[in-house]
Amino acid sequence: TGLLLILFILDRSKDCQAIMTTTGNIAFFILVGVIAMVVTLCGGSNMSALSSTMSATTTTTTTTSTSCCRWCHGSSKACGAGCINVNSTCHTAPGCACNGTAPPSPPPNPTFNHQTTTYISKFKPLVLDVANLEVTPFFSPDHSVDTLLGFIDGAKKSLNIHTPGIKSWSGCTAVKNGCTGCKISTMSGDKFPIFQALLNAVHRGVAIRIITNDFSDKTCEGLVSISDFLVLNGIQIAYFTSVTFDHSKFMLRDGNSASVSSVNWSRNSFTSNREAGALIGGQDGGLVAEYLTPIFELDWQNAYLHNVTQTYSKEDMSIITSQDHRNYTIPDPPARSWHTSTPVPLNTSGRFSIWTNPDHGYDALANELASTKKSINLYIYQVTDSRLCDWLVDAYKRGIHVGVLVSQYILSAGDEKKASACYQNLTDVGVVVRAAWHFSYFMYNHQKFWILDGERVGFSTGNWSPSDMGQSSGVYPPYGQPEWMDVNRDFTVSVQDPAVVDVFQNVFVQDSKNSTIWH
């Protein structure tokens with residue numbers, strides 16, 4: 001700055017140059033003092049203009065960079081750092097208070113969100129007008145354990161799995177002192193039957209890959225986590241990053257059959273909740289697998305592998321990697337007023353479709369619903385998507401029978417508030433919303449299925465929620481970028497077959513008998 005001022009002054013007049021010559025050998029700090037006087041004598045008008053320009057620039061910068069510490073609106077106005085009555089006179093210099101309403105704060109970034117690149121939808125729904133399939137419906141808490149164990153035990157070559165999490169049934173995934181894990185002997189004998197079945201499968205040569213969410217759990221020193229144990233036995237586990245959250249629950253077996261359901265890998269989901277899903281195989285099972293495979297491969301490509309952070313002795317590793325066949329116990333279902341029947345494969349030849357969310361979740365479902373003419377029976381954990389709630393209201397007004405059976409309790413307070421708003425809207429127009437009976441403290445009606453016109457049944461890994469449906473644009477940037485949206489990976493299936501529909505309809509009817517009016 002000093003050099004620029006000197007050059008400016010030298011350029012203004014010969015007198016200034018003389019003064020500069022005279023003072024050339026004086027120390028620099030004295031020179032700066034002389035410059036101030038010279039400017040006044042030789043170039044005051046120009047410097048005054050420059051000073052004004054600098055002042056204006058400073059003022060502008062200060063104004064644009066000010067953050068509002070308080071927002072004043074209605075009958076108040078900004079005054080300094082606070083608000084005063086709009087009719088009062090402010091005697092305080094402008095401060096950090098602002099007039100108007102505070103803009104909405106961006107939602108916090110979920111801790112499990114590890115998306116770093118923009119996801120662009122690319123997977124359109126698979127539609128088979130005539131599908132020769134074997135569809136095996138199953139439901140928790142009655143038969144999801146034995147059905148999925150049979151599916152895993154039948155694997156010969158490969159298992160590709162999507163699951164939101166992997167929970168121990170022996171308390172080994174509980175966070176204690178900031179970390180998780182159990183003694184090796186305890187983890188080896190974990191009571192989760194799926195865990196033991198996966199170890200048997202990998203030991204007989206089945207290639208197993210699991211995509212799940214990273215909840216940033218650390219393994220306690222001297223212990224082993226359930227994921228560590230599986231990885232040390234050759235099972236690959238990778239953490240989902242394609243979009244915000246992996247909410248899907250599906251398994252792809254040997255490239256020719258699949259399981260799609262609402263069942264999480266937790267004890268409650270298998271033994272306490274109402275859950276719903278189906279195995280899909282048969283002659284055209286390969287076509288379904290061909291649709292699911294590239295979706296899994298894309299998510300696998302985007303994921304990062306689980307890293308075992310602890311080291312184990314030779315003796316420990318001999319226990320962890322033992323090739324001995326692992327036995328497991330299938331728990332009996334809890335006492336209920338009725339139980340779903342033992343699952344059996346049903347041969348279908350009607351229309352079949354499957355799609356993934358968020359790629360075309362909402363649009364595909366909207367197309368299915370648009371063809372509904374007579375009735376819909378919806379049995380679901382929650383409805384928080386206003387678009388779908390509005391559709392239910394409109395359908396009822398158009399004379400379509402709307403049956404709604406929902407979970408009496410919802411885990412998230414925020415979701416419960418949104419769902420309650422939807423159910424109130426439905427109630428206000430005359431729809432009877434029923435809440436399924438809450439069998440025990442930890443039990444949720446977590447299933448997601450709907451029956452259209454008594455002819456088609458749809459079931460999903462996701463709820464009727466914005467995060468499970470996505471948006472029509474199909475572009476999902478990572479957190480922090482404009483248009484970010486909290487969205488999940490999910491899958492939805494639609495089957496047009498009377499035998500399959502009857503199984504789901506029976507569950508809806510029987511559970512409705514043990515329900516109460518929602519309020």
Assess the residue pair Tyr444 and Asn268 against the criterion (side-chain hydrogen bond (donor to acceptor under 3.5 Å, both in side chains)); give the C-alpha distance rounded to whole Å, side-chain angles, the decisive distance to 0.1 Å, and a yes or no. CA-CA 9 Å; Tyr444 296 92; Asn268 285 340; over 6 Å; no
Would you check if the side chain of Asn160 reaches a backbone N or O of Leu252 as a donor-acceptor pair within less than 3.5 Å? no
Starting at NZ of Lys167, measure out to OG of Ser266 and round the result to the nearest 0.5 Å. 8.0 Å
Gln447, Glu275, His247, Lys249 screened by side chain to side chain donor-acceptor pair (under 3.5 Å) with Ser262, the one that passes: Glu275
From CE (Met469) to CG (Asp490), nearest 0.5 Å: 8.0 Å
Do Ser242 and Tyr476 have side chains that approach each other closer than 4.5 Å (heavy atoms only, starting at C-beta)? no
Ionic contact status for Asp316 with Lys183, cut-off 4.0 Å: no
Considering only heavy atoms from C-beta outward, does the side chain of Val288 approach that of Phe352 to under 4.5 Å? yes
For the residue pair Ser494 / Glu368, report whether a side-chain donor-acceptor contact shorter than 3.5 Å exists. yes
Does any N or O in the side chain of Asn506 come within less than 3.5 Å of the main-chain N or O of Asp502, such that one atom is a donor and the other an acceptor? no
Given side chains that start at C-beta, do those of Leu365 and Leu388 come closer than 4.5 Å, heavy atoms only? yes
Please test Gln196 against Asn200 for side-chain hydrogen bond (donor to acceptor under 3.5 Å, both in side chains), starting from the C-alpha separation and ending with a verdict. CA-CA 6 Å; Gln196 304 294 352; Asn200 286 336; over 6 Å; no
Rounded to the nearest 0.5 Å, how far apart are CD1 of Ile451 and OG1 of Thr372? 12.0 Å
Less than 6.0 angstrom from the centroid, inside 45 degrees of the normal: does Arg489 satisfy that with respect to the ring of Phe240? no
Atom OH of Tyr291 and atom CZ of Phe491: how far apart are they, to the nearest 0.5 Å? 7.0 Å
Find out whether Tyr239 and His114 are in side-chain contact, i.e. whether some heavy atom of one side chain is under 4.5 Å from a heavy atom of the other. no
Would you please test Arg274 and Asp142 for side chain to side chain contact (heavy atoms under 4.5 Å, CB included) and show each step? CA-CA 9 Å; Arg274 169 65 79 212; Asp142 306 315; 3.5 Å; yes
Do Ser140 and Asn273 have a side chain donor and acceptor closer than 3.5 Å? no
For Tyr479 and Met485, indicate whether the former's side chain and the latter's backbone hold a donor-acceptor pair under 3.5 Å. no
Are Asn514 and Trp338 packed together at the side-chain level, in the sense that at least one heavy-atom pair is separated by less than 4.5 angstrom? yes
side-chain contact (heavy atoms from CB on, under 4.5 Å) partner of Ser227, chosen from Asp217, Val308, Ile237: Ile237
How about Tyr119 and Asn302: does a side-chain donor come under 3.5 Å of a side-chain acceptor? no
Check: Tyr362 and Pro466 side chains under 4.5 Å, non-hydrogen atoms: no
Any side-chain donor-acceptor pair under 3.5 Å between Ser257 and Arg253? yes
Look at Glu455 together with Arg351 and state whether they make a salt bridge at an N to O cut-off of under 4.0 Å. no
Pairing residues for Asp246 by the salt bridge (charged side-chain N to carboxylate O under 4.0 Å, His left out) criterion, not counting sequence neighbours: none
Tell me whether Asp284 contacts the main-chain N or O of Asn132 through its side chain, where contact means a donor paired with an acceptor under 3.5 Å. yes
Could you tell me whether the side chain of Ile194 reaches within less than 4.5 Å of the side chain of Ile166, counting heavy atoms only? no
Begin with the C-alpha distance, continue with both residues' side-chain angles, and end with the deciding distance and a verdict on side chain to side chain contact (heavy atoms under 4.5 Å, CB included) for Tyr379 and Asn445. CA-CA 9 Å; Tyr379 191 8; Asn445 295 83; 2.9 Å; yes
For the atom pair CZ (Phe296) and CD1 (Ile211), what is the distance rounded to the nearest 0.5 Å? 4.0 Å
Do Asn233 and His203 have side-chain heavy atoms sitting under 4.5 Å apart? yes
Has the side chain of Ser170 got a donor or acceptor atom that lies under 3.5 Å from a matching backbone atom of Cys172? no
Could you measure the distance from the CZ atom of Phe229 to the CZ atom of Phe195? Nearest 0.5 Å is fine. 5.0 Å
Just to verify, which of Asp299, Thr492, Ile295 counts as forming a side-chain contact (heavy atoms from CB on, under 4.5 Å) with Thr356? Ile295
Less than 3.5 Å apart, which donor and acceptor atoms pair up between the side chains of residues 184-191 and the rest of the protein, not counting sequence neighbours?
unit_1	atom_1	unit_2	atom_2	d
Ser188	OG	Arg326	NH1	3.3
Ser188	OG	Arg326	NH2	3.4
Asp190	OD1	Trp169	N	3.1
Asp190	OD1	Phe192	N	2.9
Asp190	OD2	Ser168	OG	2.4

Just by modelled atom types, is the Trp265 backbone N or O under 3.5 Å from a matching donor or acceptor in the Ser269 side chain? no
Does any N or O in the side chain of Ser261 come within less than 3.5 Å of the main-chain N or O of Val263, such that one atom is a donor and the other an acceptor? yes
Main-chain N/O of Val383 paired with Tyr423 side-chain donor or acceptor, under 3.5 Å: yes
Only one of Phe508, Phe459, Phe504 passes ring-ring contact (aromatic ring centres under 6.0 Å, His included) with Phe139; say which it is. Phe504
Between Asp214 and Tyr304, does the side-chain hydrogen bond (donor to acceptor under 3.5 Å, both in side chains) criterion hold? Intermediate values first, please. CA-CA 10 Å; Asp214 185 358; Tyr304 57 94; 2.5 Å; yes
Distance-only polar pair, side chains of Trp437 and Asp511, donor-acceptor under 3.5 Å: no
Could you check Asn463, Asp468, Thr461, Asn357 and say which one makes a side chain to side chain donor-acceptor pair (under 3.5 Å) with Asn488? Asp468
Qualifying residue for side-chain contact (heavy atoms from CB on, under 4.5 Å) with Val500, from Thr136, Val135, Asn347: Val135
Would you please indicate yes or no on a ring centroid separation below 6.0 angstrom for His143 and Phe138? no
